[in-house]
Protein chains: 2
Amino acid sequence: MIKYILLGFLNYQPMTGYDLKQSIDHSTAHFWHAHHSQIYTTLRQMEQEGLVTSQFIYLEGEPNRRVYTITEGGKIELKSWLEQPMLEMSAIKEDFLVRIFFSGQREPEKVLTELRLQMALHQEKLETYRAISDIDQNVKLHPHLKRDAAFWHMTLNMGIGYEELYISWLKDTIKMVESLNG
Amino acid sequence: MIKYILLGFLNYQPMTGYDLKQSIDHSTAHFWHAHHSQIYTTLRQMEQEGLVTSQFIYLEGEPNRRVYTITEGGKIELKSWLEQPMLEMSAIKEDFLVRIFFSGQREPEKVLTELRLQMALHQEKLETYRAISDIDQNVKLHPHLKRDAAFWHMTLNMGIGYEELYISWLKDTIKMVESLNG
DNA sequence: CATGCCATGTAAGGGGTTACATGATTTT
DNA sequence: AAAATCATGTAACCCCTTACATGGCATG
């Protein structure tokens, strides 16, 4: 999967592994993240497969950078992946819910502490999502990406909706646990 | 993670790998699933670690079954995992959103087809969640699991909320894509 | 008679995480 | 002077997926 994300970003413009990590962190991370180690190694693989090319750039007074550029082969790979429709639902994995599922024997107070911590984390996340204005700035700079931006917005909306749902669910769950001792 | 799910279920009662697969499919699967191959191999590992014991049961006219029982060590392992609070948000991975994120250059009609397919899948999923009555039946049979059932219900509620959110988001996204050609 | 369900495993491989490793520049 | 950011990489490992493999029983 990370392969297609890298191709997707490189299809907009040549970038370094570091840039790609930044792009992911600021956009797809809420539905797909990656560590820099995976990004660098995957880019190397992709270069061997002929999906991207790279140039190493040395500049005095600046750090060395390896800039990756998508090839025609890479563009075809990306397109054919996008053309092939997904026929199943994506299966998600959410470890916190596993913990809640098996929390029946735990001390309610400890569960509450954990729920309130998650509440704080999700509220913070929601605020960062709401503060995102990168997309519109990007469109101003690159008007030809207007259509892409509409799709980026939709995934951001999903992120916001998800955090709102999560917060609302945490509130309900906190109420439920509070009532256990009452 | 699957280790703790298996311990969690075995903490209720001894079960076979097959039973565990069934339990997961009917409860945690919407936030954590596993293939039978992983379940069987993990149970073997857990036996070597002393977290569970197993007995092989041969009965004429019935298939062979290997029943796993949680040990004291397994109970301690489960408890200590539950006691240690999770300090971060769980990171989810959702490949369909990756596809949407990079769908700006695709033909809108093809994107619409894919969105409508996902709509059907999520609506079906929502209906199966709403039809679930296993939990209450389980409580009638085992009244001491009443408190556990409250937590099971909360995770089910999250599943329902998630599917409702997804369907609502798909509707919005379909509208957005339809408007691209208009 | 065929499909589906019950039931248990092995093996190969891939994708991803964690840790190790380095070094320059910029900001506080 | 320290901390954060920029920047790139390697290595070990583990979890999980996919595929292979078998065999009996029940149902339509």
Side-chain angles (χ1 to χ4, degrees), chain A residues 1-7 14-26 28-29 31-49 51-52 54-68 81 86-95 98, chain B residues 1-7 14-26 28-29 31-49 51-52 54-68 81 86-95 98:
Chain A
M1 181 58 45
I2 194 62
K3 185 167 98 172
Y4 300 109
I5 296 178
L6 299 176
L7 286 175
M15 292 169 104
T16 67
Y18 191 87
D19 296 334
L20 285 160
K21 169 71 172 147
Q22 299 291 311
S23 297
I24 290 170
D25 286 350
H26 294 119
T28 71
F31 50 89
W32 205 283
H33 67 94
H35 298 268
H36 77 270
S37 57
Q38 193 191 5
I39 292 169
Y40 287 118
T41 52
T42 306
L43 285 168
R44 280 293 166 92
Q45 280 169 232
M46 289 162 69
E47 190 170 18
Q48 286 201 319
E49 291 173 44
L51 304 174
V52 296
S54 79
Q55 303 154 252
F56 200 78
I57 297 174
Y58 328 73
L59 284 176
E60 281 175 44
E62 275 180 49
N64 295 333
R65 292 155 44 86
R66 183 181 293 278
V67 179
Y68 286 89
W81 176 69
M86 210 174 101
L87 303 176
E88 341 75 45
M89 274 179 49
S90 0
I92 62 161
K93 299 209 161 181
E94 227 277 7
D95 23 6
V98 176
Chain B
M1 182 57 47
I2 193 63
K3 185 168 98 172
Y4 299 109
I5 297 178
L6 299 176
L7 285 175
M15 293 169 104
T16 67
Y18 190 88
D19 295 335
L20 285 161
K21 170 70 172 147
Q22 299 291 312
S23 297
I24 290 171
D25 286 349
H26 293 118
T28 71
F31 51 89
W32 206 284
H33 66 95
H35 298 267
H36 77 270
S37 56
Q38 193 191 4
I39 292 169
Y40 287 118
T41 52
T42 305
L43 286 168
R44 282 291 167 93
Q45 282 168 230
M46 289 162 69
E47 190 171 19
Q48 287 202 319
E49 291 173 45
L51 304 174
V52 296
S54 79
Q55 302 154 252
F56 200 78
I57 297 174
Y58 328 74
L59 285 178
E60 280 174 45
E62 275 180 49
N64 295 333
R65 294 155 41 86
R66 183 181 294 278
V67 178
Y68 285 90
W81 176 68
M86 211 174 99
L87 303 176
E88 340 76 44
M89 274 177 51
S90 1
I92 62 161
K93 299 210 161 182
E94 227 277 8
D95 24 5
V98 176

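Everything numeric here is computed off the predicted structure, so don't read it as measured data. So that the names make sense, note that chain A is the first sequence line, chain B the second, and so on, each numbered from 1.
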Student: For DNA chain C, which nucleotides open and close the run of contacts to chain B, 5' to 3', at under 4.0 angstrom from a non-hydrogen atom?
Tutor: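 Both ends considered, the range comes out as C:dC6 to C:dT17.
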Student: With 3.5 Å as the limit, what N/O pairs link the protein to nucleotides 13-17 of chain D?
Tutor:
from: D:dC16; atom 1: OP2; to: B:Q38; atom 2: NE2; distance (Å): 2.4
from: D:dC16; atom 1: O5'; to: B:Q38; atom 2: NE2; distance (Å): 3.1
from: D:dT17; atom 1: OP1; to: B:H33; atom 2: NE2; distance (Å): 3.4

Student: As an exercise, state the distance from CG of B:L51 to OH of B:Y68, rounded to the nearest 0.5 Å.
Tutor: 12.0 Å
Student: What residues, two or more places apart in sequence or in another chain, satisfy side-chain contact (heavy atoms from CB on, under 4.5 Å) together with B:D25?
Tutor: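 Testing B:D25 for side-chain contact (heavy atoms from CB on, under 4.5 Å), a comparison that skips the adjacent residues, returns B:K21.
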Student: Could you tell me which residues satisfy ring-ring contact (aromatic ring centres under 6.0 Å, His included) with A:Y4, sequence neighbours excluded, listed by chain and number?
Tutor: A:W81
Student: Let me confirm one number: the CD-CG distance from B:Q45 to B:L43, rounded to the nearest 0.5 Å.
Tutor: 9.5 Å
Student: Hey, what do you get for NE2 (A:H33) to CD1 (A:I2), rounding to the nearest 0.5 Å?
Tutor: 9.0 Å
Student: Nearest 0.5 Å, what's the CE-NZ distance between A:M1 and A:K3?
Tutor: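 The CE atom of A:M1 sits 10.5 Å away from the NZ atom of A:K3.
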Student: For nucleotides 5-7 of chain D, which of its nitrogen or oxygen atoms have a protein nitrogen or oxygen under 3.5 Å away, and what is each distance?
Tutor:
from: D:dC6; atom 1: OP2; to: A:Y18; atom 2: OH; distance (Å): 2.7
from: D:dC6; atom 1: O5'; to: A:Y18; atom 2: OH; distance (Å): 3.3
from: D:dA7; atom 1: O3'; to: A:N64; atom 2: O; distance (Å): 3.3

Student: Partners of B:E47 by salt bridge (Lys or Arg N to Asp or Glu O under 4.0 Å), sequence neighbours excluded?
Tutor: none
Student: Hey, what do you get for CD (B:E88) to CG (A:D95), rounding to the nearest 0.5 Å?
Tutor: 8.0 Å
Student: Tell me every residue that passes side-chain contact (heavy atoms from CB on, under 4.5 Å) with B:R65, counting only those two or more places apart in sequence or in another chain.
Tutor: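 B:R65 satisfies side-chain contact (heavy atoms from CB on, under 4.5 Å) with B:T16, B:D19, B:V67 once adjacent residues are dropped.
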Student: Please give the angle, rounded to 10 degrees, between the axes at the start and the end of the helix from C:dC1-D:dG28 to C:dT28-D:dA1, where five pairs define each axis.
Tutor: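 Angle reported: 50°, given to the nearest ten degrees.
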Student: Applying side-chain contact (heavy atoms from CB on, under 4.5 Å), name anything that partners A:E94, two or more places apart in sequence or on another chain.
Tutor: A:F96, A:L97, A:Y162, A:Y166, B:F31, B:S90, B:I92
Student: Tell me, yes or no, whether the heavy-atom count around B:Y58 atom OH, taken from other residues, nucleotides or ligands under 6.0 Å, exceeds 12.
Tutor: no
Student: Starting from the C-alpha separation in whole Å, work towards a yes-or-no answer on side chain to side chain contact (heavy atoms under 4.5 Å, CB included) for B:L6 and B:V52.
Tutor: CA-CA 10 Å; B:L6 299 176; B:V52 296; over 6 Å; no
